[in-house]
Amino acid sequence: MIKTLAKHIKQFTKASVATPLFMILEVIVEMIIPLLMSRMIDDGISAGNMQQIFITGGCMLVCALIGLFAGIMGGKYGAKASAGLAHNLREAMFKNIQSFSFANIDKYSTAGLVTRMTTDVTNIQNAYQMLLRMCVRAPISLICALVMTLIINARLASVYLIAIVVLGIVLTFLIKSTYKYFSRVFEKYDELNASVQENVSAIRVVKSFVREDYEVKKFNKAANNLYKLFVKAEGAMASVSPVMMFAVYGSLIAINWLGANMIVSETLTTGELTSMLTYCMNILMSLLMLAMIFVMLTMSIASAKRVAGVLNEQSDLTNPENPDYKVEDGSIDFKNVSFSYNKTAEKPILSDINLSIKSGETIGVIGGTGSSKTSLVNLIGRLYDTTDGEVYVGGKNVKAYDLKTLRDEVSVVLQSNVLFSGTILDNLRWGNENATEEECINVCKLACADDFIQSFPDKYNTYIEQGGTNVSGGQKQRICIARALLKKPKILILDDSTSAVDTATDAKIRRAFSEEIPNTTKIIISQRVSSVENADKIIVMDDGKISAVGTSDELLKASPIYSEIYAAQTGGSGDFDEKGEM
């Protein structure tokens, strides 16, 4: 964990080194000031020597200014180093998340990743700044003050040693008892963030079903769970303060009482007692700082483990040593393929898949819900790796390709389409960042999106809200199809991506594909028979296996599953045909 986080400090090594150096300088001058004060009292005030008072006072002023400068610079460099570490951690996590396969992403919730990049990193940032400043300043100040008190009077200094031992035992016990609470706190943070994220993203559904009260109760439950854990953790740490104050006042009383007796017996001077009291405050303030450090470190250790977990997560999908950077064509072959999301599962999601698709063919995929249609096509772009068997694209194993090259040639349009905040052109250029406006318009015509885009006041410069909430489901799907076409892929996969489009528009889109991109292999997953019946081949999926393959006419004779679906949809079940009849 420490090695993982330390890698991200390198850029700010100078600031990380400068901060403790300035802290050490500040401690040194603070240790000198009580000695100068003692001299001023004994050699200046008590002796009535004004010259000694002015000289000593001037030296104290210089020390104070040096200490002020060191404190300011230590704070400046500490902030730079800790903020820099936080920046690097967030950047590294985000970059690593982008490399995750779907299998890696499945291990973490969205809310969990957000919490790690915000709350957890902030905890680490605060802890690192405290580590550079207080964690250097407090122990050195404590040691130096103890040494000075031992030099002045070893008998009085023993009071501090007793206080330090007692506090050390108490703090060790508290850290062990509270760590478990702080570890659970951040899991509850994930739940809280998940509740907020889900509510905000689905606020229209919440309001349409009048579920505001339910959502408020759900949020309150998550917030109360977090509250209870924090109360337990902070309640355990609350005993630090009274124990510290007991040690502070007990030490002051003991020093004053013993010191007064020593002054009476002339074994200690007034100036030395004043210095001892000043060092006493230094020692006890250092102990208070150490207590704060322990609390912060206890919290940050839990955060650090969560952040290091994301940073150390390795993608299940990696490039080969010498990858291929060219996909010859859009041919696809599945050879004895089996697949499971969980490798320890008793039954695979896909099993014994053998399939051959020629480049440029239009393939329909149909089957019931849960028949693994999406799982099948996810293997083509290597979004997941097969558990057994191999998938070939363009005559080569998908594992032999550079991942970026393969995915540029395999364009997928999902049913749950995502649009990003920005203009329509911005969203289209996700498919090709260098595409001209004419190219964007052309693919939108193919996807039957140009007509409705032209009806907007700002046309292609119309601003799309995050998630595409200001356009309809069908409009969103057509923009996503156009975006995929801009990649000019060799393989185009439409995963039920026209489900929100009427059948007449669906037919136009399919006709445009056959006429304008004949050399692109097109795989259409759909629940509608009308979307796949004119395909070169239709694959019927059932329970993770290929039940049948053939044309619509062939399947009507050979496949009971296809025949049943066909009869249900063409017999007036409610699907709309091209004429708008029901």
Side-chain angles (χ1 to χ4, degrees), residues 98 325-330 332 359-363 377-378 380-383 393-394 401-456 458-468 470-501 505-506 508-525:
Q98 301 311 300
Y325 291 95
K326 186 179 180 182
V327 179
E328 293 294 337
D329 56 46
I332 304 166
S359 183
E361 281 189 320
T362 298
I363 304 297
V377 297
N378 278 343
I380 298 171
R382 208 185 166 201
L383 298 177
V393 169
Y401 288 113
D402 170 66
L403 275 172
K404 183 178 182 302
T405 300
L406 176 65
R407 289 174 184 171
D408 275 339
E409 298 293 359
V410 180
S411 204
V412 183
V413 185
L414 304 172
Q415 180 182 12
S416 54
N417 298 287
V418 175
L419 293 178
F420 298 89
S421 53
T423 66
I424 290 176
L425 279 175
D426 291 336
N427 274 277
L428 290 171
R429 284 175 177 146
W430 273 68
N432 179 2
E433 60 183 349
N434 299 315
T436 64
E437 187 168 346
E438 286 136 335
E439 288 175 316
C440 292
I441 292 171
N442 184 50
V443 294
C444 284
K445 287 178 179 177
L446 291 177
C448 295
D450 183 63
D451 288 343
F452 75 79
I453 293 174
Q454 294 291 354
S455 69
F456 294 148
D458 295 323
K459 296 182 172 50
Y460 282 83
N461 290 312
T462 299
Y463 189 82
I464 299 293
E465 300 292 343
Q466 183 180 1
N470 59 332
V471 292
S472 71
Q475 290 171 339
K476 189 191 301 185
Q477 286 185 335
R478 282 176 275 175
I479 292 172
C480 289
I481 291 170
R483 179 175 64 188
L485 289 173
L486 261 185
K487 292 175 71 173
K488 299 177 181 176
K490 288 187 169 64
I491 299 170
L492 176 64
I493 299 171
L494 304 180
D495 187 357
D496 216 3
S497 52
T498 57
S499 58
V501 175
T505 303
D506 185 16
K508 289 179 184 177
I509 292 172
R510 286 183 281 108
R511 192 180 305 117
F513 285 175
S514 63
E515 294 172 357
E516 300 294 333
I517 51 172
N519 296 323
T520 298
T521 303
K522 297 164 283 290
I523 300 177
I524 303 169
I525 298 175

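Bear in mind that the values here come from a model prediction, so they are computed numbers and not experimental data.
Note that the CD1 atom of Ile424 and the CZ atom of Phe452 stand 6.5 Å from one another [nearest 0.5 Å]. Note that CG of Asn519 is 13.5 Å distant from NZ of Lys488, once rounded to the nearest 0.5 Å. A distance of 15.0 Å separates CG in Asp402 from NZ in Lys326, rounded to the nearest 0.5 Å. The distance from atom CG of Asn427 to atom CZ of Phe420, rounded to the nearest 0.5 Å, is 7.5 Å. Between the OG1 atom of Thr362 and the CG atom of Leu492 there is a distance of 9.5 Å, given to the nearest 0.5 Å. The line from CD of Gln454 to CD1 of Ile441 is 6.0 Å long, rounded to the nearest 0.5 Å.
The shortest non-hydrogen separation linking Ile479 to Leu419 is CG2-CD2, 3.8 Å. Closest of all the heavy-atom pairs between Ser421 and Tyr463 is CB-OH, 3.4 Å. Among all heavy-atom pairs drawn from Leu406 and Arg382, the shortest one is CD2-CB, 3.7 Å. Here the shortest heavy-atom pairing between Ala449 and Arg478 reads CB-CB, 3.9 Å. When all heavy atoms are compared, the tightest approach of Glu437 to Tyr460 is OE2-CB, 4.5 Å. Between Leu428 and Cys440, the shortest heavy-atom contact is CD1-CB, 3.8 Å.
Partner of Ile491 under the side chain to side chain contact (heavy atoms under 4.5 Å, CB included) criterion, chosen from Ile332, Asp329, Ile363, Val327: Ile332.
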Quiz item: After noting the C-alpha distance and the side-chain angles of Leu494 and Lys522, does the key distance pass the side chain to side chain contact (heavy atoms under 4.5 Å, CB included) rule?
Solution: CA-CA 8 Å; Leu494 304 180; Lys522 297 164 283 290; over 6 Å; no
Quiz item: Can Phe513 and Leu485 be said to form a side chain to side chain contact (heavy atoms under 4.5 Å, CB included), step by step?
Solution: CA-CA 10 Å; Phe513 285 175; Leu485 289 173; 3.6 Å; yes
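The closest side-chain heavy-atom distance from Asn442 to Glu438 is not below 4.5 Å. A 4.5 Å side-chain heavy-atom check between Arg407 and Leu383 finds at least one atom pair inside the cut-off.
Residue-environment remark: NZ (Lys487) exceeds the threshold of 12 foreign heavy atoms within 6.0 Å.
Not one N or O on the side chain of Thr423 forms a donor-acceptor pair closer than 3.5 Å with the backbone of Thr462. Listed for the Lys445 side chain is no donor-acceptor partner under 3.5 Å among the backbone atoms of Ala512.
At a cut-off of 3.5 Å, with distance as the only test, no side-chain donor of Thr405 or Asp408 sits close to an acceptor on the other residue.
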